[in-house]
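So the structure is just underneath, and the comments pick up after that.
Residue numbers begin at 1 in each chain, while the letters A, B, ... track the order of the sequences.
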There are 2 protein chains.
Amino acid sequence: MADWLTADEQRAWRRTAAVFTLLPAALDAQLQRDAGLTQFSYLVLAMLSETPGRTMPMSELASMVSSSLSRLSHVVSRLEKQGWVARGPCADNGRVTMARLTDAGWDKVVATAPGHAAEVRRLVIDAVGPDHIADLDEIAGAILRRVDPGGRMRANPLSQGC
Amino acid sequence: MADWLTADEQRAWRRTAAVFTLLPAALDAQLQRDAGLTQFSYLVLAMLSETPGRTMPMSELASMVSSSLSRLSHVVSRLEKQGWVARGPCADNGRVTMARLTDAGWDKVVATAPGHAAEVRRLVIDAVGPDHIADLDEIAGAILRRVDPGGRMRANPLSQGC
DNA sequence: CGTGCACAGTTGAAGCATCAAGTGTAGCGT
DNA sequence: ACGCTACACTTGATGCTTCAACTGTGCACG
């Protein structure tokens, strides 16, 4: 095929695209092997574990993990069957349902986090090296601004009430 | 949860992880909408389109698109049903099967490539800016070396015979 | 009030990915 | 020539993701 990108651009994109297939697979493999979790389901547990009260409305959780509500609902159903998350209504507002990390879920996160963090460090942080973490952050931020102009992906929860 | 990464590292990784969920989704959305293709199936067609003779052994194709042979086999089955790829035996070697891009498949790539390349440019290349393409390339390369130590992901095909 | 509409969430079906198991061919040693 | 292992796939089942359709709640407007 003809080049719609310059040679340099194409080379960088090819490599980047390869990373986009191989890195998630590698991280998923580690989590699956050691914890029986998907990267995504781990992220859900981790987000809940960091919020005060370990409780959050489904829709807020969905925006924090950048997923559709539908996907989150399916995943939380599975996590609920495992006993790691519990769902309940919200007193202040009849149409939100709250997801809460159970004690067993907390234990699961505590047991899983070190191994996962180590893998992230090994494959990403140490790979790019301390001098280039800032570059990575900047590049990721630049792409995010294009991909997610609405600027969801807030860093810290802002739930109140309930 | 406690931090297993420093604050800077964690911030960079969070953003990077967000890109890893949103960018593939955005690219898939464009391809699905405009061409009814997955990013992955497009990549398969594109790789075939660039190889001399538009023909390649399945296993070589698999390594070029960083996938398992199983995944590729399923995808090529679907592409074959659409009439974009044809499979056939290899004269020189009874256990390889060759995948060939049909004329219809070539037309499909030609019709699809510009829109896809434009989206890659818009969301990635232009986002990081010309001054940082080299950084992106370097970072992707560094991560690839960890994730794929075997060093597959060759840039150009090396098929001969058949 | 009550009608309409938007929001929050769930559910079922369909598609794609992954895993384990299977087929058939090459090449090697004896 | 025989079996043996390794390779190059293919296939079927299972699980996760996506999509469209549905339920039920809050809110605004007449």
Item to check | All side-chain hydrogen bond (donor to acceptor under 3.5 Å, both in side chains) counterparts of A/E80, not counting sequence neighbours | outcome: A/R87

Item to check | Set of residues satisfying side chain to side chain contact (heavy atoms under 4.5 Å, CB included) with respect to B/A86, sequence neighbours excluded | outcome: B/R100, B/T102

Checklist entry - For B/H116, what residues pass the ring pair (Phe, Tyr, Trp, His ring centres under 6.0 Å) criterion, not counting sequence neighbours? => result B/Y42

Checklist entry - Between C/dG9 atom C1' and A/M56 atom CE, what is the distance in whole Å? => result 16 Å

Next on the checklist: Tell me if a side-chain donor or acceptor on A/S49 pairs with a main-chain N or O of A/A46 at a distance below 3.5 Å.
Outcome noted: yes

Checklist entry - Would you say the side-chain atoms of B/K108 pair up with the backbone N or O of B/A35, donor to acceptor, closer than 3.5 Å? => result yes

Next on the checklist: Please give me every residue in residues 28-40 of chain B whose heavy atoms get under 4.0 Å of an atom in DNA chain D, ordered by residue number.
Outcome noted: none

Checklist outcome for this item: Residues passing the side chain to side chain contact (heavy atoms under 4.5 Å, CB included) test with A/D126, sequence neighbours excluded, are A/R121, B/R146

Within the sub-3.5 Å range, which N or O atoms of nucleotides 2-5 of chain C have a protein N or O partner, and how far apart are they?
none

Item to check | For atom CZ of B/R71 and atom P of C/dC19, their distance in whole Å | outcome: 11 Å

Checklist outcome for this item: Whole-Å distance, A/R78 CZ to C/dT11 P, equals 13 Å

Next on the checklist: Between B/R145 and B/E138 (salt bridge meaning N to carboxylate O under 4.0 Å), is one present in this structure?
Outcome noted: no

Checklist entry - Going by the salt bridge (Lys or Arg N to Asp or Glu O under 4.0 Å) test, which pairs reach into residues 26-42 of chain A, not counting sequence neighbours? => result none

Next on the checklist: Once ring-ring contact (aromatic ring centres under 6.0 Å, His included) is applied, what residue pairs with a partner in residues 8-30 of chain B remain, sequence neighbours excluded?
Outcome noted: A/F20-B/F20

Checklist entry - Any donor and acceptor pair, going by atom type alone, linking the side chain of B/S41 with main-chain N or O of B/L37 inside 3.5 Å? => result no

Checklist entry - How does protein contact run along nucleotides 3-13 of chain D, one letter per nucleotide 5' to 3', with B for base contact, S for sugar-phosphate only, - for none, heavy atoms under 4.0 Å? => result ---BBSBBBB-

Checklist entry - If you fit an axis to the five pairs at each end of the helix from C/dC1-D/dG30 to C/dT30-D/dA1, how big is the angle between those two axes, to 10 degrees? => result 10°

Item to check | Under the side chain to side chain contact (heavy atoms under 4.5 Å, CB included) test, residues paired with B/A140 that sit two or more places apart | outcome: A/R15, A/T16, A/V19

Checklist entry - Applying ring-ring contact (aromatic ring centres under 6.0 Å, His included), which residue pairs with at least one partner in residues 52-93 of chain A are found, sequence neighbours left out? => result none

Item to check | Rounded distance in Å - CG (B/L79) to P (C/dA17) | outcome: 10 Å

Next on the checklist: Can a donor-acceptor pair be found, under 3.5 Å and without considering hydrogens, that links the side chain of A/T55 to the backbone of A/G53?
Outcome noted: yes

